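The block underneath contains the structure these notes are about, expressed in structure tokens.
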Amino acid sequence: MAVSQFETHVHDVLVIGAGGAGLRAAIEARARGASVGLVCKSLLGKAHTVMAEGGVAAALAHVAPNDSWQVHFRDTMVGGKLLNNPRMAQLHAMEAPERVRELELWGAVFDRTRDGRISQRAFGGHSHPRLAHVGDRTGLEMIRTLQDKAVQGDVDVYMECTISHLLTTAGRVTGAFGYWRDSGQPVVFPARAVVLATGGIGRAYEVTSNSWEYSADGHALAYFAGAELIDMEFVQFHPTGMVWPPGVRGLLVTEAVRGEGGILRNKDGERFMWRYLPEDRRAEYAATDEEAQRWVEATSRGGEPSERRPPELSTRDNVSRAIYTEVKDGRGSPHGGVFLDISYLPAEHVRRKLPSMYEQFKELADVDITRGPMEVGPTTHYVMGGVRVDAETGASTVAGLFAVGEVTGGMHGANRLGGNSLSDLLVFGARTGAGAAAYARGQSASPYVDPAQVQRAARELGAPLERPEGEDPYAIQRDLQATMQSLVGIFREESDLARALDRLDDLEGRWSRTKVDGGRVFNPGWNLVFELRNLLAISQAVTMSARQRTESRGAHSRIDFPEQDDANWGGVNSVICRGADGTMMVTRTPLPPMANELRSLLGGTH
Amino acid sequence: MPDAQLNVFRGLPGEKSRFEAFEVPVEEGMVVLDALHWIQGHAAPDLAVRWNCKAAKCGSCGAEVNGRPSLTCKTRLTDYDLDEPITVEPMRAFPLIKDLVTDVSWNYAVNKTIEPFSPPADVPQADWRWQQRDVERVQEFRKCIECFLCQDVCHVLRNHETDSAFMGPRFLVRAAGLEMHPMDQGNRREYLKDSGGIGYCNITKCCTEVCPEHIKITDNAIIPLKERVADAYYDPLQWAWRKLRGNEGTGARVELPVLRGPRAAAGDPAPSDPAPAAAEGPVARADGPAVCARRPRRSRTSEPKPSPPAVGGEAARPPRRRRDRGTS
């Protein structure tokens with residue numbers, strides 16, 4: 001069968017994934033004259049960005065006049081335990097304000113300060129109130145704004161289309177192969193440049209705030225195409241997910257609850273975060289309940305408090321470990337979490353600033369958060385690791401392949417600050433869209449697609465439907481999630497990680513024999529087969545990287561190596577790549593060098 | 001807890017559709033989407049369901065539960081009498097793809113025809129100052145998660161009462177959000193009247209009742225838009241002013257696609273009539289929009305300003321009964 005027998009759409013730039021990162025990249029590439037195709041697994045506007053709640057971090061200095069990109073840069077590096085790509089952190093901090101203001105020009109309606117400008121709220125690890133927001137539905141506002149902009153800009157959108165393979169020509173990526181969910185028919189996208197904007201890997205875990213779409217697709221597609229992945233051991237467990245009822249376990253409770261003054265307590269009523277503040281950063285936090293209370297009062301009035309922030313606004317890695325430890329030591333709430341209380345503030349204020357949290361708890365858990373505390377516990381939320389990219393252009397280590405957003409590594413180091421992902425996807429969305437368009441312009445020939453690769457991809461696609469019998473993909477998914485949750489979770493150790501690799505090996509074997517019932521039309525079991533291939537590969541990458549890093553840093557906590565080991569692991573990234581024999585290899589590489597003027601911004605930190 | 005019985009619609013377009021019964025173990029707090037996932041994982045791996053966030057934020061998982069258009073991710077099983085089966089069907093206004101998944105691409109085509117946000121060219125952004133209270137209404141409209149339940153329940157779209165285009169409540173809300181934006185300079189009145197078919201809405205408020213974001217679609221978006229259209233085109237003073245100014249609109253009508261609903265296969269039984277189950281359900285749902293959808297009410301006199309009958313000449317048109325359903 002020749003390639004011409006498949007439905008084919010040719011573009012200069014093909015963007016895979018239509019969350020904020022993919023949309024922003026598509027808008028930019030189109031604005032620079034490229035013809036752009038945008039493929040997404042779901043309907044347009046449903047991507048994970050829609051669930052982002054608290055806000056987008058940018059040093060606009062509307063609430064805190066002394067905020068600046070330099071302070072934002074420092075906060076980001078300190079939060080990332082100095083493992084961030086410093087150039088990415090710099091570009092991010094410098095360009096985020098302009099990218100946020102641009103959204104307003106495109107129709108986004110952010111909450112306002114008293115003097116009528118874009119308002120900003122406090123978040124963990126940020127020195128100043130910095131997050132532009134719309135109540136607690138900032139992501140929805142962003143995706144709708146970007147979606148409308150992209151559609152007006154003549155980006156061709158291919159909805160409900162799963163990309164299963166990247167196509168390469170002489171070591172360059174020249175297109176992608178996938179299939180339509182609604183018909184099951186294959187489709188080929190030859191492209192001069194391909195941008196991965198596929199988000200994260202949360203579905204590898206049982207308890208996650210992520211949707212089904214977060215199945216490591218872009219991480220795996222890049223890896224299979226020969227690209228390097230870095231920092232894969234750093235998986236962020238958000239401290240506050242819902243823990244009850246069972247069906248909503250893991251659902252996100254925005255950090256904005258704590259940004260607005262939410263207090264964490266254990267079952268004895270103790271405000272336990274006082275005990276978990278890292279000594280070297282102790283001075284940044286309030287000294288007493290009274291100081292924290294005055295901070296909340298000043299913040300509620302929309303001003304910048306002169307008091308220091310409450311202990312609940314420590315970084316996410318730290319708060320997650322604290323909650324995990326409280327529960328493990330028997331001081332948890334009835335359903336295995338801790339209490340998060342905002343009900344001491346006026347009900348009207350809570351409903352206005354946190355409307356979707358109010359709804360979510362009322363509708364799904366019968367809890368009125370204006371009257372009593374929520375029960376919360378850690379949930380898999382974000383992966384800091386991903387495709388190694390060039391800070392300026394988003395280019396991966398494979399020609400023709402670009403990446404942006406959560407699928408990339410480097411920007412957030414060992415731990416991401418809340419609010420920095422929405423700004424990440426705007427800043428690097430624009431840069432990567434521009435980078436991919438420029439690269440595409442330099443490719444004169446129309447993109448060649450190798451018929452043998454397309455046919456092989458089509459055969460792989462059909463195989464699970466044609467096997468007379470075999471493994472149930474849903475059962476493999478359940479076993480994978482149980483493995484990652486119990487063995488590669490918040491706290492890790494050598495014996496668990498070794499066991500996880502064995503189990504992943506078994507699951508890989510079972511996966512190669514999957515059998516799916518039903519036809520090709522909108523068959524979720526069939527779709528799951530390709531997602532499992534990606535999840536299995538990337539779970540292995542997470543586990544191998546976690547095993548290699550024999551220290552604790554940021555989101556990566558080793559029971560057997562509890563200290564941060566700067567002598568051996570400071571400024572060192574883990575690297576995952578595919579060996580010549582097709583097996584996964586883990587190595588290490590030094591962090592890109594930091595310019596002196598950036599180093600000086602870190603002050604006493606390093 | 002007892003098991004729940006779910007009667008789930010299965011089938012492809014043109015195929016004889018059917019309801020399949022599944023016994024699902026019930027956990028505390030379980031929602032209909034959890035039950036559908038349980039069915040996928042244990043009984044029917046190919047059951048087609050759209051969903052993403054499972055937190056009522058993405059608007060993907062809309063379906064008709066006991067006849068009521070609902071987000072299955074926030075519809076609790078324990079809100080129903082579990083001694084009775086719970087019926088789950090796809091949104092009936094849209095063409096079927098498979099099982100609970102319908103083709104909603106028509107909505108995206110309509111959205112494209114709306115004039116986008118049009119800020120003034122001569123006001124620098126630094127001067128874009130507005131107070132929170134000035135944008136609260138716009139923010140209400142921008143809460144929309146595009147679940148399309150309002151489109152599904154809207155009898156103009158659902159019953160395909162017109163061969164002319166009607167944009168539906170979702171896009172009236174979008175248009176309202178643009179029209180009421182403090183910096184927007186666009187004028188969508190001619191579009192709303194001639195292309196969008198705003199006159200077809202006879203303000204039965206079914207859309208408002210099903211909106212999971214609690215947007216007051218009829219009162220806050222549609223009625224004010226109808227007033228703007230009426231002011232511009234039917235108020236004699238404004239009419240004279242437009243004549244004088246020469247500002248009569250572009251006259252360029254934008255062609256909207258017309259929604260074509262599902263076509264039943266030959267010999268297909270009528271879709272389930274959920275009215276009895278809905279009536280026996282929780283009190284809050286007894287007067288639910290499933291009933292509303294099939295028996296739209298006339299404009300209520302208590303409404304502040306009923307839509308001017310002149311707009312599109314359609315407002316007072318009596319609703320038609322859905323043809324493919326039995327009597328209730």
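Every value quoted in this text rests on a predicted model; they were computed, and no experiment measured them. Side chains included, hydrogens not; waters and symmetry mates left out as well; all remaining heavy atoms used.
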Nearest atoms (heavy-atom pairs only) where B:Leu192 meets B:Ala175: CD2-CB, 4.0 Å

Intermediate values then yes/no, side-chain contact (heavy atoms from CB on, under 4.5 Å), A:Met51 and B:Asn52: CA-CA 10 Å; A:Met51 291 185 72; B:Asn52 278 59; over 6 Å; no

Residue B:Pro119 versus chain A: region with a heavy atom under 4.5 Å: side chain

Closest-packed option against chain B by number of heavy-atom pairs under 4.5 Å, given A:Pro246, A:Gly525, A:Ser183: A:Pro246

Ion pair check, B:Glu140 and B:Arg137, cut-off under 4.0 Å: yes

Pair A:Asp148 + B:Arg174: basic N to acidic O under 4.0 Å: yes

Candidate pair A:Arg121 and A:Asp111, rule side-chain contact (heavy atoms from CB on, under 4.5 Å), full reasoning: CA-CA 10 Å; A:Arg121 70 156 50 110; A:Asp111 285 355; 5.5 Å; no

A:Leu105, part contacting chain B, at a heavy-atom distance under 4.5 Å: both

Under 4.5 Å from any heavy atom of chain B - which part of A:Asn527: neither

Charged N-O contact under 4.0 Å between B:Asp134 and A:Arg112: no

A:Arg181 portion near chain B, given a 4.5 angstrom heavy-atom threshold: neither

Region of A:Asn210 in contact with chain B, defined by heavy-atom distances below 4.5 Å: neither

Contact winner vs chain A - B:Gln125, B:Met30, B:Lys57, B:Glu136, heavy-atom pairs under 4.5 Å: B:Gln125

Interface moiety of B:Ala56 toward chain A, non-hydrogen atoms closer than 4.5 Å: neither

Contact summary for A:Arg144 and A:Gly45, nearest pair of heavy atoms: NH1-O, 3.6 Å

For chain A, the option from B:His181, B:Glu27, B:Lys143, B:Met183 that forms the most heavy-atom pairs under 4.5 Å: B:Lys143

Which atoms of B:Val104 approach chain A - backbone, side chain, both or neither, heavy atom under 4.5 Å: side chain

Under 4.5 Å from a heavy atom of chain B, the part of A:Leu44 involved: both

A:Trp106 portion near chain B, given a 4.5 angstrom heavy-atom threshold: backbone

Heavy-atom contact with chain B under 4.5 Å, split by part of A:Gln360: side chain

Side-chain ion pair, A:Lys149 and A:Glu102, N-O less than 4.0 Å: no

Partner chain B: residue of A:Ala365, A:Gly139, A:Gly116 with the largest heavy-atom pair count (under 4.5 Å): A:Gly116

Salt bridge present between A:Lys46 and A:Glu213 (N-O < 4.0 angstrom): no

Residue B:Cys147 versus chain A: region with a heavy atom under 4.5 Å: backbone

Contact summary for B:Asn107 and B:Phe94, nearest pair of heavy atoms: ND2-CE2, 3.4 Å

Residue part contacting chain B, namely of A:Met242, when any heavy atom lies under 4.5 Å: neither

Evaluation steps, salt bridge (Lys or Arg N to Asp or Glu O under 4.0 Å), between A:Arg137 and B:Glu213: CA-CA 12 Å; A:Arg137 53 162 196 87; B:Glu213 288 291 311; over 6 Å; no

Structural part of A:Glu141 lying under 4.5 Å from a heavy atom of chain B: both

Top contributor to chain B interface from A:Ser356, A:Gly518, A:Ala475, A:Gly247 [non-hydrogen pairs under 4.5 Å]: A:Gly247

Charged N-O contact under 4.0 Å between A:Arg101 and A:Glu104: no

Polar contact flag, side-chain donor to acceptor under 3.5 angstrom, B:Tyr80-B:Thr75: no

Sub-4.5 Å side-chain heavy-atom contact between B:Arg50 and A:Phe522: yes

Residue selection (most heavy-atom pairs with chain A, distance under 4.5 Å) from B:His37, B:Arg142, B:Lys54, B:Lys98: B:Arg142

Interface residue of largest heavy-atom contact number with chain B, from A:Leu252, A:Val50, A:Leu43, A:Asp517, under 4.5 Å: A:Leu43

A:Leu140 versus chain B, the contacting section by heavy-atom distance below 4.5 Å: side chain

Which atoms of B:Ile114 approach chain A - backbone, side chain, both or neither, heavy atom under 4.5 Å: neither

Any B:Thr102 side-chain heavy atom under 4.5 Å of B:Phe148 side chain: no

Option in A:Asp472, A:Asp366, A:Asp182 with maximal non-hydrogen atom pairs under 4.5 Å from chain B: A:Asp366

Toward chain B, the part of A:Phe110 with a non-hydrogen atom under 4.5 Å: backbone

Side chain / backbone / both / neither for B:Asn111 at chain A, heavy atoms under 4.5 Å: side chain

